[in-house]
Amino acid sequence: MLGINPISRFSTRCRPINNIIANHRFFSSQMQLKQHMNGGKINGDANGHSHKINYEKQKQENNIKYDGKTGGEVIVEKLREHQVSDVFMYSGGAVMPVIDAFHNDPDFNYYITAHEQSLGHAATGYAKVSGKTGVAIVTSGPGLTNMVTPILDATNDSAPLLCISGQVPLAAMGSSAFQECPATDITKSITKWNYCLQSTEEIPYVIDHAMWLSQHGKKGAVHIDVPKCVSASKYSPEKAMNLNDQLFELCSHPENSEEFDFSVECPDDKLLKSNRRSYEWHGKIKNLQHPVDKETFKKMANLINNASCPVFYIGQGCENSADLLTKAAIEARIPVTTTLHAMGLFDETHELALKMCGMHGNYAANHALQKADLIIAVGSRFDDRTTGVINKYAPVAQAAAQNGTGGIIHCNIQPCQINKVLTTDFNFLMDSRIFLENLVPHLKSPTNPQLRENWLDTINEWKMDYPYQFLRAPDNQIKTQDVIKGINEYVLNYVRPTQNNNDKSVIITTGVGNHQMYSTQFVDWYRPNKIVSSGSLGVMGSSNGYAIGAQIADLKNNLVISIDGDGSFNMTSSELMTMIKYNLPIKIAIMNDGSLQMVKVWEKLFYGERYVATHNPCNPDYVQLAESYGLKALRCDNINSLNETVAELIESDGPVLCDFKVLGEECYPLVAPGKALDDMILWDTSHQETMKKMEGQMAPS
């Protein structure tokens with residue numbers, strides 16, 4: 001039985017955490033969050049009348065399945081039930097009963113990386129590419145603390161991740177035992193939910209809830225801490241029948257009860273759940289649309305159809321709706337710009353594509369957002385890297401809202417993201433696909449086609465006059481932009497034309513730095529979910545782990561290219577061992593400029609060219625390093641051999657690394673801190689003009 005009543009806390013990262021659990025052996029619950037989701041009640045109506053779920057039946061079914069199994073074996077069985085087939089793990093004393101349960105199990109492939117951080121990034125890359133929940137298993141203490149960065153990265157970038165960590169026995173917790181850490185205290189603010197198991201009998205319910213929650217709503221990371229006594233003990237039907245109902249309330253969710261079986265209650269009304277949520281938040285969120293019905297979407301469609309200069313601003317939350325977005329944009333003749341994680345949701349080779357907006361975004365995209373009379377934001381959150389200084393954002397749309405001819409429409413599944421950065425005019429608290437499914441049928445050709453075509457003509461002029469550009473390097477040297485353009489052209493000309501449902505799917509992973517931004521600029525992203533990159537947290541060293549996970553997600557059909565900087569690659573170069581161990585045919589392109597180029601540029605622009613801790617004077621010989629692990633390795637430092645080298649890199653069998661010796665430089669365009677989104681420093685701006693724009697500004701964070 002549970003030893004104490006759980007301390008409830010609202011653990012989504014949208015609200016402050018007011019309650020701290022003093023002893024980490026107990027769990028962080030989401031009871032208040034569940035009350036939010038359940039209209040202020042838990043397994044009951046608003047007056048507290050109980051709608052009792054038959055827990056006894058669940059207990060009896062689990063008793064038959066798990067009687068006599070160890071906790072580790074129950075965990076493996078539950079992962080099997082959830083159709084998990086690939087697991088990323090690193091062993092250790094506290095987690096051995098779990099690891100041992102995978103021995104000779106034909107239903108699982110397990111992968112061991114060189115370091116737990118890369119293990120977590122691999123599980124995240126796997127999740128981003130496959131759509132499944134990535135599973136990472138680590139030991140206690142340093143095993144768990146090494147997972148902190150990938151857990152937060154997954155939560156921030158909405159990747160479904162389940163971290164299972166070993167822990168010292170319950171009796172030893174709190175005694176500073178060997179490899180003990182306060183695991184759930186550490187992860188409670190960086191996960192959607194976490195829990196420290198108190199008994200073997202709890203495992204089935206806790207894993208079910210964790211797997212569901214990782215995928216429900218805004219996806220993210222969940223964490224289960226497993227004391228060794230729990231994973232080693234055998235499941236007891238007698239103890240299971242005495243489990244406290246509070247556990248079931250914690251691990252149940254509305255869709256588990258008949259009361260919330262939306263398909264049974266109203267099979268034809270996909271808006272029912274959204275209306276329940278908007279009813280709950282109506283009056284708390286300014287300009288929230290409620291009720292949401294056919295007439296609501298007709299009204300929005302009329303606003304869009306009548307707009308002269310509309311633009312779609314698309315975020316990762318729209319990843320399940322690329323088909324509907326494409327249909328809406330093409331039929332209504334609306335240009336599309338995206339955030340980093342949404343690149344490819346709309347084919348960037350299409351004439352209506354504006355590519356990425358923001359700090360290093362496309363000139364046409366940034367100016368379109370500033371000049372549009374109507375912005376349709378779907379699955380995006382107006383983060384600072386995409387808006388510029390907020391008090392100068394979207395002036396035309398805000399003026400149009402005042403006279404009733406436009407404004408900003410915002411659809412987001414998280415209530416805390418609506419009006420968080422700026423107050424928007426028409427807010428929809430719902431899944432992006434439900435929003436577009438109901439909007440698209442009412443979209444028509446523009447009411448004034450000529451005004452819409454004039455708008456598109458203006459955008460095309462911006463595209464023609466201000467494309468992504470750079471100056472060629474002297475003496476046949478190469479730049480990062482040359483390499484990434486070369487990779488993109490090879491993919492478009494030689495890989496994409498042969499693609500069908502059975503052919504290679506090109507996935508590009510990146511580290512963090514200038515090479516990441518150049519990849520957003522000089523790659524034409526034409527399919528959804530094909531860029532795997534750390535956006536919000538900005539984790540250097542993540543590309544190798546991402547690439548491993550992305551390749552494992554589909555060993556046969558994924559062509560994975562890791563574009564990395566030398567500084568970023570150095571952090572996790574030991575993962576070359578993992579690639580060769582599992583013969584993962586990853587293609588690694590290192591942009592080797594001998595420095596942390598993005599930060600070095602900021603030192604130049606904001607710190608009087610005082611260069612500190614941004615040079616990499618002792619980089620290894622990457623060719624020899626790769627060959628020492630058994631990889632094929634290439635080197636390129638001349639523009640005349642670039643195309644040939646790129647072709648060899650991509651077409652070679654097995655894992656390959658290429659050391660591209662490049663010249664580093666500033667990444668433009670650039671929106672300086674404190675400037676409007678369309679106040680951009682361009683590639684041909686003089687140094688004097690650039691420094692003038694920078695006067696009095698702080699470096700980007």
Side-chain angles (χ1 to χ4, degrees), residues 304-305 307-358 360-369 371-372 374-380 386 432-433 435-437 439-440 443-446 449 451-469 484-485 487-501 503 505-508 519-531:
I304 294 169
N305 296 335
S308 301
C309 309
V311 63
F312 274 113
Y313 163 55
I314 302 299
Q316 184 184 6
C318 195
E319 66 179 0
N320 63 346
S321 312
D323 55 334
L324 293 172
L325 170 65
T326 300
K327 181 180 176 66
I330 293 175
E331 290 188 359
R333 301 287 290 161
I334 302 173
V336 181
T337 184
T338 71
T339 63
L340 184 150
H341 289 303
M343 292 188 303
L345 295 185
F346 187 76
D347 184 350
E348 291 188 351
T349 63
H350 193 279
E351 63 174 353
L352 290 172
L354 302 180
K355 296 180 75 74
M356 187 184 78
C357 61
H360 290 290
N362 189 277
Y363 181 97
N366 285 7
H367 279 71
L369 287 167
K371 305 297 191 298
L374 181 65
I375 296 173
I376 308 133
V378 185
S380 46
T386 67
S432 295
R433 188 162 191 89
F435 174 78
L436 288 172
E437 280 178 342
L439 176 68
V440 169
L443 293 179
K444 301 176 181 178
S445 298
L451 287 178
R452 187 68 57 84
E453 290 306 311
N454 291 344
W455 170 236
L456 295 177
D457 287 343
T458 298
I459 287 175
N460 286 330
E461 288 177 11
W462 289 333
K463 286 183 180 181
M464 293 288 291
D465 293 342
Y466 302 101
Y468 290 125
Q469 299 180 69
I484 296 174
K485 280 191 68 176
I487 291 172
N488 181 60
E489 288 169 4
Y490 191 88
V491 167
L492 292 180
N493 294 329
Y494 298 102
V495 180
R496 184 181 186 183
T498 66
Q499 284 192 332
N500 54 48
N501 291 334
D503 286 333
S505 180
V506 180
I507 296 159
I508 294 178
S519 296
T520 67
Q521 294 177 351
F522 292 100
V523 173
D524 291 313
W525 304 92
Y526 57 88
R527 284 190 175 181
N529 303 320
K530 302 308 178 190
I531 178 170

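A 4.5 Å side-chain heavy-atom check between Thr520 and His360 finds every atom pair outside the cut-off. A 4.5 Å side-chain heavy-atom check between Asn488 and Phe522 finds every atom pair outside the cut-off. Proximity of Ser445 to Arg333: side-chain heavy atoms (C-beta onward) are nowhere separated by under 4.5 Å. Taking the side chain as every heavy atom from C-beta outward, Leu354 and Ile459 approach each other to under 4.5 Å. Using a 4.5 Å cut-off on side-chain heavy atoms (C-beta onward), Ile531 and Leu340 make contact. The shortest side-chain heavy-atom distance between Cys318 and Leu436 falls under the 4.5 Å cut-off. Considering only heavy atoms from C-beta on, Thr326 stays 4.5 Å or farther from Asp347 through its side chain. A 4.5 Å side-chain heavy-atom check between His350 and Ile330 finds at least one atom pair inside the cut-off.
Listed here is the closest heavy atom pair of Val311 and Ile334: CA-CG2, 3.8 Å. The shortest heavy-atom contact between Ala365 and Met356 is CB-O, 3.9 Å. When all heavy atoms are compared, the tightest approach of Ala377 to Ser380 is CB-OG, 3.5 Å. Of all non-hydrogen atoms in Thr386 and Thr339, the two that sit nearest each other are CG2-CG2, 4.2 Å. Here the shortest heavy-atom pairing between Lys530 and Ser505 reads NZ-OG, 2.7 Å. The two residues Ala353 and Lys463 have their closest heavy-atom pair at O-NZ, 2.8 Å.
Side-chain atoms of Arg452 come within 3.5 Å of backbone N or O of Ala332 as a donor-acceptor pair. In this structure, Glu348 contributes its side chain and Lys355 its backbone to no donor-acceptor pair below 3.5 Å. Using a distance-only test at 3.5 Å, with no hydrogens or angles considered, no donor-acceptor pair links the side chain of Asp524 to the main chain of Thr349. Remark: side-chain polar atoms of Trp455 are paired, donor with acceptor, to backbone N or O of Pro310 under 3.5 angstrom. Checked by atom type and distance alone, the side chain of Ser432 pairs as donor or acceptor with a backbone atom of Gly317 at under 3.5 Å. No donor-acceptor distance shorter than 3.5 angstrom exists from the side chain of Asn362 to the backbone of Cys357, with no hydrogens or angles considered.
Within the structure, every pair that satisfies the salt bridge (charged side-chain N to carboxylate O under 4.0 Å, His left out) test and touches residues 312-324, not counting sequence neighbours, is listed here: Lys219-Glu319, Asp323-Arg433. Among residues at least two apart or in separate chains, ring pair (Phe, Tyr, Trp, His ring centres under 6.0 Å) pairs with a member in residues 312-336 are Tyr313-Phe382.
Interatomic distance, CG of Asn460 versus CG of Leu352, reported as 8.5 Å (0.5 Å rounding). Separating the CG atom in Leu369 from the NZ atom in Lys371 is a distance of 10.5 Å, to the nearest 0.5 Å. Rounded to the nearest 0.5 angstrom, Ile375 CD1 and Cys309 SG are separated by 11.5 Å. Expressed to the nearest 0.5 Å, how far CD of Glu453 lies from OG1 of Thr458 amounts to 11.0 Å. Note: Arg527 CZ to Ile507 CD1 = 10.0 Å, rounded to the nearest 0.5 Å.
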The test is salt bridge (charged side-chain N to carboxylate O under 4.0 Å, His left out); show your working for Glu437 and Lys327 and say whether it passes. CA-CA 10 Å; Glu437 280 178 342; Lys327 181 180 176 66; over 6 Å; no
In sequence, state the C-alpha distance, the side-chain angles, and the governing distance for Val506 and Tyr526, and then conclude on side chain to side chain contact (heavy atoms under 4.5 Å, CB included). CA-CA 10 Å; Val506 180; Tyr526 57 88; 4.2 Å; yes
Using the side chain to side chain contact (heavy atoms under 4.5 Å, CB included) rule, take Ile304 and Ile376 through it: C-alpha gap first, then chi angles, then the decisive distance, then the call. CA-CA 9 Å; Ile304 294 169; Ile376 308 133; 4.1 Å; yes
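In terms of the side chain to side chain contact (heavy atoms under 4.5 Å, CB included) criterion, residue partners of Glu489 (sequence neighbours excluded) are, by chain and number, Lys485, Asn493.
Using the six-membered ring where Trp is involved, Tyr363 and Trp462 have ring planes that are perpendicular, over 60° apart on the 30 and 60° scheme.
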